[in-house]
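Each chain gets a letter, A, B and so on, in the order its sequence line appears, and its residues count up from 1. The analysis underlying the following values was restricted to heavy atoms, covering all of them including side chains, and did not include hydrogens, waters or symmetry mates.
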Protein chains: 2
Amino acid sequence: MGMETQVLPARLPADLSDGVFPAGCPSRTVLDHITSKWGVLILLSLSEGEQRWSDLRRRAEGISEKMLAQTLKTLERDGLVLRKSQPVIPPRVDYSLTDRGYELSALLIPLVAWAYNNADEILNGER
Amino acid sequence: MGMETQVLPARLPADLSDGVFPAGCPSRTVLDHITSKWGVLILLSLSEGEQRWSDLRRRAEGISEKMLAQTLKTLERDGLVLRKSQPVIPPRVDYSLTDRGYELSALLIPLVAWAYNNADEILNGER
DNA sequence: CCCATATCTTACTAAAAGGTGAGTACCTTA
DNA sequence: TAAGGTACTCACCTTTTAGTAAGATATGGG
């Protein structure tokens, strides 16, 4: 898992393509969670495999502990991230993606890769 | 354009897969632009073809004029959206995606479709 | 003369997001 | 004895983001 390639639709589902999203639509909430600044970074980081709190802190460079905790909680509640804590001292907690989280990260990766590849041109105003 | 399917990588580019993004990385800025709440909706709406200001206002339900203006400006500066204004009264301005914008929307569409399809399960806490 | 139209801009305010620093618990190492 | 590691939470404050409401514009129609 994480190794395959995917074939993806280039159009929106039919029921979205007219008025686009209604304002109170649940998918807007979900979209906000999964496209949040730190959410994306955590999901991407975890797409490389299980990681501990301190790993994530380091890899999502610049994140504060508060935001890390908050983001992980949201992702866990959404069933995208799995939290396994061992009752040892010092504490040990491992975070990983659920199946649903992997599904999502597979869609996020091309997006992020594209942003990475196009960032300089975009910000320098090059056509 | 907009009709093809694409084959996408399931892993991050090699130079991203270690420390994930450095904090000041330009791709973070770009990512913030393209994953912004209203940015996504505008890009999706325009993926269906050229539209006027008032169309976009209606289709991105809930957006204020202020945010519409601001979002369009950012997307235009980033070379994702093209603005064609005709000097008539009342004014007429058509917005459309650039080639780069289409490239991006092709990546956004599967993500949004996924969010749409999974929203209820996610928010109801169903596995 | 005044209103409607379409595309914005601006000033003010409210809400959301995020940073900082402290505190907790307990064991290990120096 | 003291410091350090690990994974947090909490309270407080600042910064950023977004909403609201008003105004600018220029013209044709009643």
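- A:Lys66 comes within 4.0 angstrom of a base, heavy atoms only.
- At the phosphate of C:dT7, OP1 or OP2 sits under 4.0 Å from a side-chain N or O atom of B:Arg52.
- You'll find that the side chain of B:Lys73 is closest to C:dT9, out of C:dT9, D:dC8, D:dG19.
- Note on A:Ser54: only backbone sugar-phosphate atoms sit closer than 4.0 angstrom, heavy atoms only; bases stay farther off.
- Residue B:Arg92 comes nearest to B:Asp94 through the heavy atom pair NE-OD2, 3.2 Å, listed as atom of the first residue, atom of the second, then distance.
- A salt bridge does not link B:Arg57 with B:Asp55: every distance from a Lys NZ or Arg NE/NH1/NH2 to an Asp or Glu carboxylate oxygen is 4.0 Å or more.
- Between the CD1 atom of B:Ile42 and the C1' atom of C:dT7 there is a distance of 14 Å, given to the nearest Å.
- Here A:Gln70 contributes atom CD and A:Ser36 contributes atom OG; the two are 9.5 Å apart, rounded to the nearest 0.5 Å.
- Residue B:Leu68 contributes atom CG, which lies 18 Å from atom P of D:dT17 at whole-angstrom precision.
- Among the nucleotides D:dT6, C:dG18, C:dT5, the one closest to the side chain of B:Pro90 is C:dT5.
- Rounded to an integer number of Å, the gap from CG of B:Asp32 to P of C:dA17 is 14 Å.
- Ranking C:dG18, D:dT20, C:dC26 by closeness to the A:Ile89 side chain, first place goes to C:dC26.
- For B:Tyr95 and C:dC8, the shortest distance from a side-chain N or O to OP1 or OP2 is below 4.0 Å.
- The side chain of A:Ala69 approaches D:dT9 more closely than any other nucleotide in the set D:dT9, D:dG5, C:dT9.
- Rounded to a whole Å, the NZ atom of A:Lys37 is 11 Å from the C1' atom of C:dG19.
- Remark on DNA chain C: of its neighbouring residues A:Ile63 and B:Arg92, the 5'-side contact belongs to B:Arg92, judged by nearest-heavy-atom nucleotide.
- Across A:Thr98, A:Leu97, A:Leu75, A:Leu46, a single residue satisfies side chain to side chain contact (heavy atoms under 4.5 Å, CB included) together with A:Leu82, and that is A:Thr98.
- Closest non-hydrogen pair, B:Ala115 versus A:Leu31, comes out as CB-CD1, 3.8 Å.
- Across all strands, B:Arg83 comes closer than 4.0 Å only to sugar-phosphate atoms, never to a base (heavy-atom distances).
- Remark: P of C:dA6 and CZ of B:Arg58 are 11 Å apart, rounded to the nearest angstrom.
- In this structure, the CD atom of A:Glu65 is 15 Å from the P atom of C:dG23, given to the nearest Å.
- Nearer the 5' end of DNA chain C, as judged by each residue's closest nucleotide, is the contact made by B:Leu72, out of A:Trp38 and B:Leu72.
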